[in-house]
Amino acid sequence: MKLIKDKELLKNIALQIDLLNTLGGGVSETYIDIKKYKKGAVINVWAAGVDPEAFKVVLHDNNLTVFSVLQSRENSEMAAPLFNRMFMLPPQVDLRRVEAVYQKGQLMVKLPYHESTGQPREIDIKQL
């Protein structure tokens, strides 16, 4: 039995095996936690073995999608989804101020509420 000494070849083989495992039904273990606060909410996402560059966060209307894609380094057309979660955001979330931060293996999506939420406001009555 001969040992393979080419480290680059071994890395490429490992990446292809990882990609094929994902295509064959393997999944990335993902943990999602949602915390609500007075001024907003935070979605925390932990995904084992997922590079920060693989995370994607897409906001369309009031739908927030968080997903990750395993991209082949050799072939840019070869990719496999690792996980995909969609959240329907409530109307009190200020969609213009939503932001995502990756820190220490965790993706945090911050969902600030509108500043006027919960504050009573007197409505002027117009006379016609």
Side-chain angles (χ1 to χ4, degrees):
M1 182 170 148
K2 289 186 175 183
L3 291 175
I4 300 174
K5 295 182 179 180
D6 184 358
K7 289 184 181 181
E8 193 61 37
L9 175 65
L10 290 174
K11 285 171 79 174
N12 289 336
I13 290 172
L15 180 65
Q16 296 303 321
I17 289 171
D18 196 19
L19 182 59
L20 289 173
N21 178 48
T22 301
L23 292 173
V27 293
S28 172
E29 189 66 31
T30 305
Y31 175 73
I32 295 179
D33 181 42
I34 303 171
K35 295 196 186 246
K36 295 180 182 177
Y37 302 99
K38 276 187 167 182
K39 294 188 176 201
V42 176
I43 300 172
N44 294 302
V45 180
W46 293 272
V50 176
D51 291 329
E53 298 82 29
F55 281 109
K56 305 289 182 217
V57 180
V58 177
L59 181 62
H60 183 260
D61 295 328
N62 69 325
N63 293 312
L64 179 78
T65 305
V66 179
F67 63 97
S68 178
V69 176
L70 178 62
Q71 187 76 38
S72 171
R73 291 185 181 110
E74 291 74 38
N75 184 353
S76 62
E77 295 177 9
M78 191 172 182
L82 293 174
F83 73 89
N84 184 21
R85 287 289 303 264
M86 181 183 253
F87 303 92
M88 187 177 231
L89 301 180
Q92 65 262 35
V93 172
D94 187 349
L95 300 177
R96 293 171 290 136
R97 295 182 20 222
V98 172
E99 63 180 8
V101 177
Y102 183 87
Q103 181 179 18
K104 297 180 183 176
Q106 173 183 329
L107 176 70
M108 293 179 290
V109 182
K110 298 177 181 180
L111 308 169
Y113 295 151
H114 290 285
E115 292 182 14
S116 63
T117 300
Q119 306 270 335
R121 177 174 72 100
E122 185 176 341
I123 306 296
D124 293 332
I125 300 172
K126 297 179 183 171
Q127 293 187 18
L128 301 175

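Separating the NE2 atom in His114 from the CD atom in Gln92 is a distance of 8.5 Å, to the nearest 0.5 Å. The structure places NZ of Lys39 at 7.5 Å from CD of Glu115, a figure rounded to the nearest 0.5 Å. Rounded to the nearest 0.5 Å, atoms NZ (Lys56) and OG1 (Thr65) are 13.5 Å apart. The structure places CG of Asp94 at 15.0 Å from NZ of Lys110, a figure rounded to the nearest 0.5 Å. The CZ atom of Arg97 sits 9.0 Å away from atom CD of Glu99, with the distance rounded to the nearest 0.5 Å.
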* **Verdict with reasoning, Asp124 to Lys126, per salt bridge (Lys or Arg N to Asp or Glu O under 4.0 Å)** => CA-CA 6 Å; Asp124 293 332; Lys126 297 179 183 171; over 6 Å; no

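In this structure, the side chains of Leu64 and Ile43 come closer than 4.5 Å at one or more pairs of heavy atoms. When side chains are defined from C-beta on, Leu59 counts as touching Leu89, because their heavy atoms get closer than 4.5 Å. Between Val45 and Phe83, the closest side-chain pair of non-hydrogen atoms falls below 4.5 Å. In this structure, the side chains of Ile34 and Asn44 stay at 4.5 Å or more apart for every pair of heavy atoms. A 4.5 Å side-chain heavy-atom check between Met88 and Asn62 finds at least one atom pair inside the cut-off. For the pair Phe67 and Val57, the minimum side-chain heavy-atom distance is 4.5 Å or more. Considering only heavy atoms from C-beta on, Ile32 comes within 4.5 Å of Arg85 through its side chain. With a 4.5 Å cut-off on side-chain heavy atoms, Thr30 and Trp46 do not count as touching.
Taking hydrophobic clusters as Ile, Leu, Val, Met, Phe, Trp and Tyr residues chained together by side-chain heavy-atom distances below 4.5 Å, Leu95 does not share a cluster with Val42.
Residues Gly40 and Tyr113 share a closest heavy-atom pair of N-CD1, 3.3 Å.
Aromatic ring centres of Phe55 and Tyr102: separated by under 6.0 Å.
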